[in-house]
Amino acid sequence: MLTVALLKENKDLVISGLRKKFVAQPEQIVDQVLEADSRRRTLQFELDGILSESNQKAKQIGELMKSGQKEAAEKLRAETAASKETSKALQEQLQQAESEVQALLVKLPNLPHHSVPEGRSAEDNVVVLEKGEKPTLAADALPHWDLIKKYDIIDFELGNKITGAGFPVYKNKGARIQRALIQFFLDQAVEAGYMEVQVPIFVNEDSAYGTGQLPDKDGQMYYATEDNLYVIPTAEVPITNIYRDVILKSEDLPIKNVGYTPCFRREAGSWGADVRGLNRLHQFDKVEIVQIATPENSYEVLLEMRNHIQGLLEQLELPFRILHLCGGDMSFTSALTYDFEVYSAAQKKWLEVSSVSNFESYQANRLKLRYKAEGKTQLLHTLNGSALALPRILAALLENNQSPEGIMIPKVLHRYTGFDKI
RNA sequence: AGAGAGUUGGCAGAGUGGUCGAUUGCGGCGGUCUUGAAAACCGUUGACCGUGCGAGCGGUCCGGGGGUUCGAAUCCCUCACUCUCUACCA
């Protein structure tokens with residue numbers, strides 16, 4: 001969430017940033033926020049005065065009662081009735097103004113970093129790096145949805161039977177390569193200094209709100225009505241919420257956490273084209289890296305995370321490219337996002353396998369995640385990235401590495417899989 | 001799931017209607033002493049909102065929300081969570 005102070009002090013900057021993210025009528029919304037906020041301040045000022053008076057009187061009544069001056073106390077008590085009504089009314093108005101500000105702010109996305117390219121859709125994203133060789137496959141090469149049948153390693157029909165579409169069953173070497181990838185990703189992150197955490201995959205409303213899934217992505221998450229819990233769409237939610245309502249010390253920074261979780265997405269509305277096989281699932285596995293950094297070095301940290309992810313793809317010997325997302329294609333909460341895509345040779349398609357973002361203080365403001373510096377408490381910056389999401393990695397590995405002898409497993413995974421081909 | 005007991009500052013733990021943002025201890029920070037350290041002693045130690053150039057001043061916060069009262073950490077309602085016993089279970 002953006003801060004009112006930012007809207008007030010850098011109004012033009014905010015408006016042009018919102019425009020870059022294609023927010024409709026940004027100046028109108030900003031003005032509404034500022035109006036509601038100034039109303040809020042006036043009300044607060046009035047209310048404080050009245051409360052101060054009432055506090056004084058209550059004290060006096062107490063003293064008079066104690067010293068036995070009942071009549072004087074009664075007289076004073078009668079006087080309080082009026083101010084009580086006024087303060088109650090003011091309190092309601094104040095609350096109203098506060099929630100107005102809140103409701104408006106919550107609907108504003110984060111501002112894009114100045115380097116973010118202009119553009120409305122994926123076509124406007126800028127390729128910042130392309131690396132690795134696209135394999136030339138035999139004429140009879142199969143897409144992964146055929147390969148998994150041929151080698152009987154992932155069973156969608158079985159998933160349909162047990163749960164429904166988008167919940168596959170991994171079998172045999174399919175299950176084992178999943179486990180190998182998770183283990184490999186976790187080990188790499190731990191080696192890079194991330195602390196491993198294992199977190200709940202159900203979160204409460206406060207947590208879903210804290211990282212910005214609510215109210216923006218309501219309806220995209222599975223929701224357990226009976227207990228009012230959301231099933232996580234990414235480990236970002238529980239991991240980042242570890243630090244909700246926390247004031248960190250400078251020496252604790254940066255915080256580096258990594259966690260593996262299954263992720264659940266309803267993908268309402270997006271079912272249709274481009275969703276065959278492993279390309280889009282309701283449940284998938286992902287290793288997520290999260291960092292919390294000071295505003296001064298969060299962009300350095302973002303690059304460090306980008307390099308970490310790049311290292312994983314290089315070790316897996318997959319051709320990939322990095323995109324600098326344009327304003328229109330970025331997520332609601334992000335200030336700068338790099339997407340990683342791997343090339344899946346049989347589909348002849350780039351598949352998104354990771355997204356690494358700096359949220360600056362947008363999440364931190366909602367989370368009330370702060371630190372003390374030079375005696376002042378101020379908001380931190382949060383960052384996260386997939387390192388990595390499994391299904392599309394697996395799709396690319398299967399397609400790119402198919403051969404008459406079987407599917408060759410990248411060397412780096414052998415010690416995890418215990419086999420070198422499928 | 002049933003019965004009962006709880007939730008207070010970084011932690012422990014007092015406080016059952018008035019001067020309580022809250023006794024005290026620990027921890028943290030600063031200082032005295034010391035070659036240095038420990039011990040001892042002294043001081044200090046929350047967040048948020050408003051207002052002011054500023055020192056400051058005012059307001060809110062004792063799990064969340066609501067209520068009673070001139071006045072609530074303290075009484076009432078409600079929700080969440082924790083603990084104990086019973087039941088169940090990996």
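In what follows, chains are A, B, ... by sequence order, proteins preceding strands, each numbered from 1.
Within the 4.0 angstrom heavy-atom criterion, only backbone atoms of the sugar-phosphate kind lie near Leu51(A); the bases stay farther away. Among the heavy atoms of the strands, none lies under 4.0 Å from Asn204(A). Residue contacts for Lys249(A): at a heavy-atom cut-off of 4.0 Å it reaches no nucleic acid atom on any strand shown.
Taking a 6.0 Å sphere around CD of Glu314(A), one finds it holds more than 12 heavy atoms contributed by other residues, nucleotides or ligands.
Taking atom C1' on both C77(B) and G58(B), the two are 32 Å apart, rounded to the nearest angstrom. Going from the P atom of G21(B) to that of C57(B) covers 15 Å, rounded to whole Å. The same atom, C1', is picked in G13(B) and in U23(B); the two are 10 Å apart, to the nearest Å. Taking atom C1' on both nucleotides, U16(B) is separated from G25(B) by 23 Å, rounded to a whole Å. Distance noted for atom C1' between A47(B) and C62(B): 13 Å (whole Å). Nucleotides A12(B) and U69(B) place their P atoms 36 Å apart, quoted to the nearest Å. Annotation: A38(B) and G31(B) have their P atoms spaced 12 Å apart (nearest Å). Going from the P atom of U74(B) to that of G63(B) covers 8 Å, rounded to whole Å.
With sequence neighbours excluded, no residue forms a ring pair (Phe, Tyr, Trp, His ring centres under 6.0 Å) with Tyr243(A).
Place Arg41(A) and Ile247(A) on RNA chain B by their nearest nucleotides, and Ile247(A) ends up nearer the 5' end. Comparing Thr377(A) and Ser52(A) along RNA chain B, the residue whose closest nucleotide (by nearest heavy atom) sits nearer the 5' end is Thr377(A).
Pairing partner, C53(B): none, since no Watson-Crick or wobble contact has both distances short of 3.5 Å. Across all strands shown, A1(B) forms a Watson-Crick or G-U wobble pair, both distances under 3.5 Å, with U86(B). For U7(B), the paired nucleotide is A80(B), the pair qualifying as Watson-Crick or G-U wobble because both relevant distances are below 3.5 Å. A 3.5 Å limit on both hydrogen-bonding distances identifies no Watson-Crick or G-U partner for G71(B). Applying the Watson-Crick and G-U wobble criteria (two distances, each under 3.5 Å), U32(B) pairs with A40(B). Base pairing analysis places G27(B) opposite U45(B); the two distances defining the Watson-Crick or G-U wobble pair are each below 3.5 Å.
Near RNA chain B, meaning a heavy atom under 4.0 Å from it, residues 77-89 of chain A has Arg77(A), Thr80(A), Lys84(A) in order of number.
The salt bridge (charged side-chain N to carboxylate O under 4.0 Å, His left out) analysis of residues 291-305 of chain A, with sequence neighbours excluded, yields the pairs Lys256(A)-Glu304(A). Under the salt bridge (charged side-chain N to carboxylate O under 4.0 Å, His left out) criterion, the residue pairs touching residues 46-57 of chain A are Lys57(A)-Glu79(A), with sequence neighbours excluded. Listed by first and then second residue, the salt bridge (charged side-chain N to carboxylate O under 4.0 Å, His left out) pairs involving residues 108-122 of chain A amount to none (not counting sequence neighbours). Residue pairs meeting the ring-ring contact (aromatic ring centres under 6.0 Å, His included) criterion with at least one member in residues 59-80 of chain A, sequence neighbours excluded, do not occur. Applying the ring-ring contact (aromatic ring centres under 6.0 Å, His included) rule to pairs touching residues 94-115 of chain A yields His113(A)-Tyr299(A), sequence neighbours excluded. Sequence neighbours left out, not one pair with a member in residues 85-95 of chain A passes salt bridge (charged side-chain N to carboxylate O under 4.0 Å, His left out).
Between chain A and RNA chain B, the heavy-atom contact criterion of under 4.0 Å yields a 5' to 3' nucleotide range of G18(B) to G71(B).
Ionic pairing of Lys368(A) and Asp245(A) is not present here: no N-O contact between side-chain nitrogen and carboxylate oxygen is shorter than 4.0 angstrom.
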**Asked** Yes or no on salt bridge (charged side-chain N to carboxylate O under 4.0 Å, His left out) for Lys249(A) and Asp252(A), after CA distance, side-chain angles and deciding distance?
**Response** CA-CA 5 Å; Lys249(A) 297 188 192 115; Asp252(A) 299 331; 5.3 Å; no
